[in-house]
Visitor: 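Next up is a structure, given as structure tokens.
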Number of protein chains: 2
Amino acid sequence: MPDGAEGPGAVTLHDVAREAGVSVATASRALNGSARNVRTENASRVRAAAAKLNYRPHLSAQAIARGQTRTAALVVGDVADPYFSAIAAGVTEAAEAAGLIVTMAVAGRSPERELEIIRTLRGQRPRLIAVAGSRIDGAATRAALSGELEAYRSAGGRVVMISQRDLPFDTVTIDNAGGAYQLARALAAAGYRRFALFRAPATVRTSRDRCAGFLAGLRELGLAVEDRFVVETEFTRAGGYEAARRLAERGLDGLEVVFAVTDVMAIGAMSAFRDAGLVPGRDIGVAGFDDIDSAVDVTPALTTVAVPLREVGLTAMRVALSDDPGPVSVQTSTTVLLRESTPVRSRTR
Amino acid sequence: MPDGAEGPGAVTLHDVAREAGVSVATASRALNGSARNVRTENASRVRAAAAKLNYRPHLSAQAIARGQTRTAALVVGDVADPYFSAIAAGVTEAAEAAGLIVTMAVAGRSPERELEIIRTLRGQRPRLIAVAGSRIDGAATRAALSGELEAYRSAGGRVVMISQRDLPFDTVTIDNAGGAYQLARALAAAGYRRFALFRAPATVRTSRDRCAGFLAGLRELGLAVEDRFVVETEFTRAGGYEAARRLAERGLDGLEVVFAVTDVMAIGAMSAFRDAGLVPGRDIGVAGFDDIDSAVDVTPALTTVAVPLREVGLTAMRVALSDDPGPVSVQTSTTVLLRESTPVRSRTR
DNA sequence: TTGAAAGCGCTACCAA
DNA sequence: TTGGTAGCGCTTTCAA
């Protein structure tokens with residue numbers, strides 16, 4: 001009893017074995033091994049003893065002895081963000097179905113923090129590491145990150161990147177460019193001609209892909225976004241708010257619709273427009289991307305590109321738990337949802 | 001190399017020690033122990049070897065050897081729910097600040113699942129277990145849950161319950177009754193007299209406390225809620241939607257405002273009212289509880305009772321990591337926020 | 001079917 | 001300051 005002050009310490013297999021009057025080996029077999037080779041009577045004695053003492057096997061000890069854990073590690077940018085929490089929901093659901101415990105870490109959108117987290121997580125020897133975060137191009141940490149994950153994989157671990165295809169690991173991507181492309185066409189078909197683009201710094205892949213897809217869609221139709229209507233801002237609600245505020249302040253000047261690269265930003269933008277006396281959906285169209293839960297609850301309901309976030313999480317786990325060795329890449333498709341925030345424009349011309 | 005097919009296996013301290021030409025003891029000291037007692041030259045050799053081999057200490061092995069882990073366990077009802085994800089954000093933030101890894105499990109609002117999860121989690125030997133979920137009264141699992149947690153605590157673990165005070169452990173509660181009480185008074189002061197109540201089954205503590213507080217607030221003013229306006233429904237957006245739909249179908253019949261016990265339900269209700277051709281805030285007032293992010297983004301903005309969710313998470317961790325032995329109970333206060341969904345009623349009478 | 005004992009990767013004590 | 005070594009709680013041979 002090393003830590004008397006801290007309480008009696010947890011019950012060990014030894015205690016159970018003694019209580020049941022068998023050896024630890026037998027107790028181990030009865031509880032967590034192939035119970036087949038244990039006499040029924042002994043097996044039930046052991047189980048009774050375990051129940052009586054409220055025994056739980058020490059997972060770390062099992063991990064050491066067995067040489068593997070039953071843990072899945074998940075890295076997200078921010079749990080409180082519905083984008084990530086929906087993915088996390090999918091991941092945890094699949095993990096629990098597979099009998100794995102999830103350890104989750106929050107990188108807070110910082111590549112340095114992400115790297116540090118993965119270093120630590122690797123020490124857990126999880127069965128897999130799923131990384132959901134915006135890959136930042138040109139981050140100084142990229143090589144280190146890749147090396148860390150590579151070392152983990154070569155030691156037998158599985159890596160799955162969610163929504164970031166530029167690292168040589170299993171990947172579940174979202175068709176960001178394709179979805180934005182379709183959105184551009186849909187908005188054009190609804191009569192919109194003068195667009196603004198709210199985006200994150202170009203180093204954020206997700207943002208860049210969505211922008212590129214959107215612009216490609218417009219270009220095919222002979223349309224474009226004027227430079228002064230391209231606003232670079234933060235990847236948050238506040239960023240969207242701020243961008244819209246600036247725009248409204250300056251005057252819309254013929255602008256018809258804003259595409260913000262995430263719903264969260266779009267919702268911030270709607271709020272700013274309203275605060276500036278503009279009615280979203282009437283005075284200015286607004287579209288987002290992701291189809292987070294609240295997209296249907298804002299008024300007017302937000303036009304967006306639906307991403308099956310929970311399913312992305314499920315898929316990531318399926319990929320990571322499969323036997324397929326080579327870097328697999330799964331692309332989940334997206335769906336344009338036109339809602340009241342971008343009503344059909346009847347142009348008179 | 002036991003598992004040749006699976007890869008070379010992870011680098012161990014032995015490998016590092018050999019590479020550096022020192023004993024494992026020295027390597028251990030240089031890397032994870034008090035580096036003071038290691039000759040500078042050796043220390044840097046070891047660090048160099050560790051870096052070269054991309055070594056990460058096996059956390060499970062450390063846990064076994066040291067007799068304790070650096071893990072915090074968190075149980076939530078549903079990660080994708082903003083209520084829980086905000087709490088989770090607070091918990092993870094505090095955990096990471098304390099150098100703890102978070103393992104998170106989702107109970108899916110089922111007491112049985114919650115119990116099973118806690119059993120498993122206990123095997124992790126985390127430093128603490130934080131349980132954020134709606135306590136269900138009369139659940140058959142209550143005693144088992146309590147026993148499980150008690151066993152964990154008596155073995156030196158810390159338990160903190162979030163928003164549920166009926167178990168004998170450290171607790172961080174939300175002033176559900178008080179907040180609802182204040183809300184009732186505020187609505188009455190704004191001129192409302194005829195109320196509806198959307199609540200979860202009475203066995204859900206949070207729901208019950210909020211209802212009780214609300215009714216107490218009304219009662220003090222000589223007001224009440226008619227039985228036919230008390231709707232029991234699910235604790236979700238769909239539940240709120242359904243309740244409002246039924247109400248609208250039947251006819252409001254003088255009803256002035258609905259208090260739904262969570263924002264998520266209130267937002268569902270707003271949506272149903274709108275679908276029934278009623279304008280929330282004009283034809284019918286709506287109020288919720290929690291002040292989730294989207295409460296300000298719906299239109300009209302939702303009147304609610306703000307709960308400092310992230311802070312609840314932070315506080316829970318602070319309590320659990322403190323030395324204070326006795327069951328501590330911290331109550332976080334709430335704030336009524338009157339918004340456009342319940343405009344002041346000018347009664348002409 | 002059982003128990004003794006050798007590890008698993010690491011820490012920490014004890015001697016040197 | 002160092003290395004040898006005895007554990008930590010568990011699994012899994014290997015003999016009996």
Side-chain angles (χ1 to χ4, degrees), chain A residues 1-3 6 8-46 49-50 53 55-70 122-126 155-156, chain B residues 1-3 6 8-46 49-50 53-71 122-126 155-156:
Chain A
M1 221 170 291
D3 50 351
E6 278 288 306
V11 175
T12 75
L13 192 57
H14 266 91
D15 302 329
V16 174
R18 190 178 339 109
E19 175 79 23
V22 299
S23 72
V24 276
T26 301
S28 171
R29 286 186 277 251
L31 256 22
N32 317 305
S34 42
R36 305 211 176 287
N37 317 324
V38 177
R39 205 171 10 141
T40 332
E41 192 201 313
N42 274 343
S44 48
R45 284 162 83 97
V46 170
L53 300 178
Y55 166 77
R56 301 292 157 218
H58 193 308
L59 264 24
S60 287
Q62 287 189 324
I64 287 294
R66 298 213 249 244
Q68 59 166 321
T69 62
R70 295 205 58 82
R122 197 144 83 73
Q124 288 247 49
R125 303 290 187 272
Chain B
M1 222 170 291
D3 49 352
E6 278 286 306
V11 175
T12 75
L13 192 57
H14 266 91
D15 303 328
V16 174
R18 192 181 334 111
E19 175 79 22
V22 298
S23 72
V24 275
T26 301
S28 172
R29 285 187 280 250
L31 257 21
N32 316 307
S34 42
R36 305 214 176 286
N37 318 323
V38 177
R39 209 174 4 143
T40 332
E41 193 200 313
N42 274 345
S44 48
R45 284 162 84 97
V46 171
L53 301 177
N54 214 337
Y55 166 78
R56 301 291 158 218
H58 194 308
L59 264 26
S60 287
Q62 288 189 324
I64 287 295
R66 297 213 248 246
Q68 57 166 322
T69 63
R70 295 205 58 84
T71 307
R122 197 143 84 73
Q124 289 247 48
R125 303 292 188 270

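No experiment lies behind these values; they were computed from the predicted model shown. Per chain, numbering begins at 1; letters A, B, ... match sequence-line order.
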Visitor: How would you summarise protein contacts on nucleotides 8-15 of chain C per nucleotide, using B for base, S for sugar-phosphate only and - for none, with heavy-atom distances below 4.0 Å?
Guide: BBBBBB--
Visitor: Would you confirm whether B:Arg56, through its side chain, and A:Arg122, through its main-chain N or O, come within 3.5 Å as a donor-acceptor pair?
Guide: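 Such a contact is absent between B:Arg56 side chain and A:Arg122 backbone.
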Visitor: Would B:Glu19 and B:Leu53 satisfy side-chain contact (heavy atoms from CB on, under 4.5 Å), going step by step from the backbone distance to the final call?
Guide: CA-CA 9 Å; B:Glu19 175 79 22; B:Leu53 301 177; 4.0 Å; yes
Visitor: Supply the atom-to-atom distance A:Gln124 CD to B:Ser60 OG, rounded to the nearest 0.5 angstrom.
Guide: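 Here the rounded value is 6.5 Å.
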Visitor: Using atom types as modelled and distance alone, determine if a side-chain donor or acceptor of B:Asp15 lies under 3.5 Å from a backbone N or O of B:Thr12.
Guide: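 The answer is yes, because a donor-acceptor pair under 3.5 Å joins these two groups.
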Visitor: Return the minimal non-hydrogen interatomic distance between A:Val46 and A:Val16, and the atom names on each side.
Guide: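 Minimum heavy-atom separation between A:Val46 and A:Val16: O-CG1, 3.8 Å.
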Visitor: Would you mind reading off the distance between A:Leu31 atom CG and D:dT12 atom C1', rounded to a whole angstrom?
Guide: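 So the two atoms are 16 Å apart, to the nearest Å.
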Visitor: For the helix from C:dT1-D:dA16 to C:dA16-D:dT1, what angle separates the axis at the start from the axis at the finish, each from five pairs, in steps of 10°?
Guide: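 Axis angle across the helix from C:dT1-D:dA16 to C:dA16-D:dT1, nearest 10°: 40°.
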Visitor: Would you kindly give the CD-to-C1' distance between B:Gln68 and D:dG9, to the nearest whole Å?
Guide: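 One finds 16 Å between C1' of D:dG9 and CD of B:Gln68, rounded.
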Visitor: Would you say D:dT2 has OP1 or OP2 under 4.0 Å from some side-chain N or O of B:Ser23?
Guide: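 Result: no.
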Visitor: Between B:Ser44 (side chain only) and B:Thr40 (backbone N and O only), is there a donor and an acceptor less than 3.5 Å apart?
Guide: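 Yes, the answer is positive, given that a donor and an acceptor are paired below the 3.5 Å cut-off.
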Visitor: From C-beta outward on B:Val38, which listed nucleotide comes closest to its side chain: C:dT2, D:dT2, D:dG3?
Guide: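 Taking heavy atoms from C-beta onward, the closest nucleotide is D:dT2.
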Visitor: Could you measure the distance from the CG atom of B:Leu13 to the CG atom of B:Leu31? Nearest 0.5 Å is fine.
Guide: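 Between atom CG of B:Leu13 and atom CG of B:Leu31 there are 6.5 Å.
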Visitor: Below 4.5 Å, heavy atoms only, C-beta onward: do B:Leu59 and A:Arg125 meet side chain to side chain?
Guide: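 The answer is no; the side chains never approach within 4.5 Å.
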